[in-house]
2 protein chains.
Amino acid sequence: MHILLADDHDMVRETISAYLESEGGAEVALAIDLAGALQSIRQDGPFDLVLLDFQMPGMNGLTGLIQAISANKGGRVAILSGSAPAKTAREALEAGAIGFIPKTMGAQSLLNAVRFMSSGEVYMPVELMREEEATDHPLAEKLSPRELEVLESLCKGLSNKEIARELDLQEVTIKLHVRTLCRKLDAKNRTQAALTAKEAGLF
Amino acid sequence: MHILLADDHDMVRETISAYLESEGGAEVALAIDLAGALQSIRQDGPFDLVLLDFQMPGMNGLTGLIQAISANKGGRVAILSGSAPAKTAREALEAGAIGFIPKTMGAQSLLNAVRFMSSGEVYMPVELMREEEATDHPLAEKLSPRELEVLESLCKGLSNKEIARELDLQEVTIKLHVRTLCRKLDAKNRTQAALTAKEAGLF
DNA sequence: TAGCGCCCTAACCTTTGGTATAGGAACGCT
DNA sequence: AGCGTTCCTATACCAAAGGTTAGGGCGCTA
């Protein structure tokens with residue numbers, strides 16, 4: 001197996017690669033950011049599998065993934081993520097990733113998944129696949145669709161008026177939603193509501 | 001070397017332990033959370049070194065560290081952290097930790113640090129020691145001490161009046177600081193300022 | 001059909017937030 | 001001494017946020 005592992009945490013990178021090499025007999029190339037990964041791909045030809053850390057310089061979201069896929073001709077690019085929101089996992093697959101690996105996974109399972117993906121199979125942990133559970137953030141369940149839209153704008157720091165324009169509603173209506181949002185999120189004001197939503201990783 | 005490694009990420013735990021065992025000849029016990037770690041310490045006697053992930057169920061801040069230190073009689077407890085704010089590192093040392101290891105550290109350096117700490121020496125990466133650089137978040141540099149205090153309260157979602165009470169100042173003064181904060185953080189309002197500060201990992 | 005939950009709007013009011021302008025006190029610096 | 005910076009205070013005005021009550025429309029369901 002010819003594998004490229006890109007992660008900006010030296011420790012993660014080196015220990016995982018050591019494990020894949022000793023236990024899995026893989027040949028592992030390393031990169032510390034997206035730029036390094038892309039260069040390595042172009043230089044040392046297409047890999048059987050490219051593992052990209054999701055939070056890494058240059059990645060910003062899925063654009064880095066897409067670049068890597070186009071660089072590594074045969075595809076075979078997987079995302080490695082520490083805190084895995086199920087939604088991004090599915091988005092990654094839709095964007096063409098061959099797999100999604102949360103770091104909460106065991107080392108042995110990782111090895112299996114890597115073998116799996118190296119041979120061209122798509123890998124995705126079942127916990128992240130359940131359609132329903134996916135969008136269902138524990139917090140989001142209580143909110144109506146409208147409220148979610150408003151909350152998202154709230155998290156951009158927009159004013160009621162701006163939100164009203166964005167959603168094509170009256171300002172008063174926004175106020176209403178903001179009030180109920182504050183109640184549901186147990187916040188005293190819009191700022192706390194936005195902070196809470198952010199911390200819950202909703203957006 | 002008799003070592004206990006506690007981390008809730010299976011992958012991190014298993015790969016690091018595999019590395020420490022094969023390359024460092026260490027004997028590594030594992031735990032997936034603080035409770036497990038404490039139990040393991042009490043059962044299998046004091047370890048030469050206990051490595052605790054800073055973000056792990058049961059840790060909440062430094063209280064988990066302190067528990068572990070008192071459980072592992074000889075001390076010898078070190079913190080392992082993914083995103084390492086220099087401030088917490090120093091706080092951990094003050095609380096009695098024998099070392100602080102950011103996951104951005106290389107695997108070989110990790111091994112050295114572990115050997116070092118196992119023999120009772122305090123280990124701390126130099127980058128995190130420089131007194132000045134410590135509080136110096138790239139963003140925080142531009143802000144006066146007062147502004148930082150206000151910003152911190154802002155990040156709790158407090159109103160101007162509440163902040164004024166907390167800092168024993170007049171409300172108008174807070175407004176002033178909020179305004180300059182918004183200017184310096186390039187935010188349109190308090191909410192955006194708070195969000196920006198949070199994202200920069202300031203608090 | 002009646003009831004319920006969600007969504008939208010209205011008018012009205014109070015509190016809070018944001019801006020401007022101006023001045024005083026404390027500190028370090030040259 | 002004079003200068004600049006930071007910090008604090010003050011007055012005043014307008015905009016925005018927060019809250020209340022009241023009402024209409026829509027779709028679902030008992």
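Here is the naming used below: chain letters follow the sequence lines, and residue numbers restart at 1 for every chain. All values reported here derive from a predicted model rather than from experimental measurement. Side chains included, hydrogens not; waters and symmetry mates left out as well; all remaining heavy atoms used.
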Sequence neighbours excluded, which residues qualify as side chain to side chain donor-acceptor pair (under 3.5 Å) partners of B:Ser17?
none
Could you tell me which non-hydrogen atom of B:Ile98 sits nearest to which non-hydrogen atom of B:Met117, and how far apart they are?
CD1-O, 3.7 Å
So if I define the base as every atom that isn't primed, P, OP1 or OP2, how would nucleotides 11-27 of chain D read as a B/S/- string at a heavy-atom cutoff under 4.0 Å?
B----SBB-B-------
Minimal heavy-atom distance between A:Leu195 and B:Cys155, with the atoms involved, is CD2-O, 3.3 Å
Check each of B:Leu49, B:Val50, B:Val77, B:Leu52 against B:Leu4 using the side chain to side chain contact (heavy atoms under 4.5 Å, CB included) test, and report the only one that passes.
B:Val50
For C:dC8, take OP1 and OP2 only and decide whether either is under 4.0 Å from a side-chain N or O of A:Arg146.
yes
Name the atoms and distances for all side-chain donor-acceptor pairs under 3.5 Å in residues 161-173 of chain A, with sequence neighbours left out.
from     : atom 1 : to       : atom 2 : distance (Å)
A:Glu162 : OE1    : A:Ser159 : N      : 2.8
A:Glu162 : OE1    : A:Ser159 : OG     : 3.3
A:Glu162 : OE2    : B:Lys188 : NZ     : 3.0
A:Glu166 : OE1    : A:Ser153 : OG     : 2.9

State whether B:His177 places a side-chain N or O below 4.0 Å from either non-bridging phosphate oxygen (OP1 or OP2) of D:dC8.
yes
Between B:Glu147 (CD) and D:dT5 (P), how many Å, whole number?
14 Å
Does C:dT9 have OP1 or OP2 under 4.0 Å away from a side-chain N or O of A:Thr173?
yes
Once you round it to whole Å, what is the distance between C1' of C:dT19 and CG of B:Leu181?
15 Å
For A:Ile66, I'd like to know if atom CD1 has over 12 heavy atoms of other residues, nucleotides or ligands within 6.0 Å.
yes
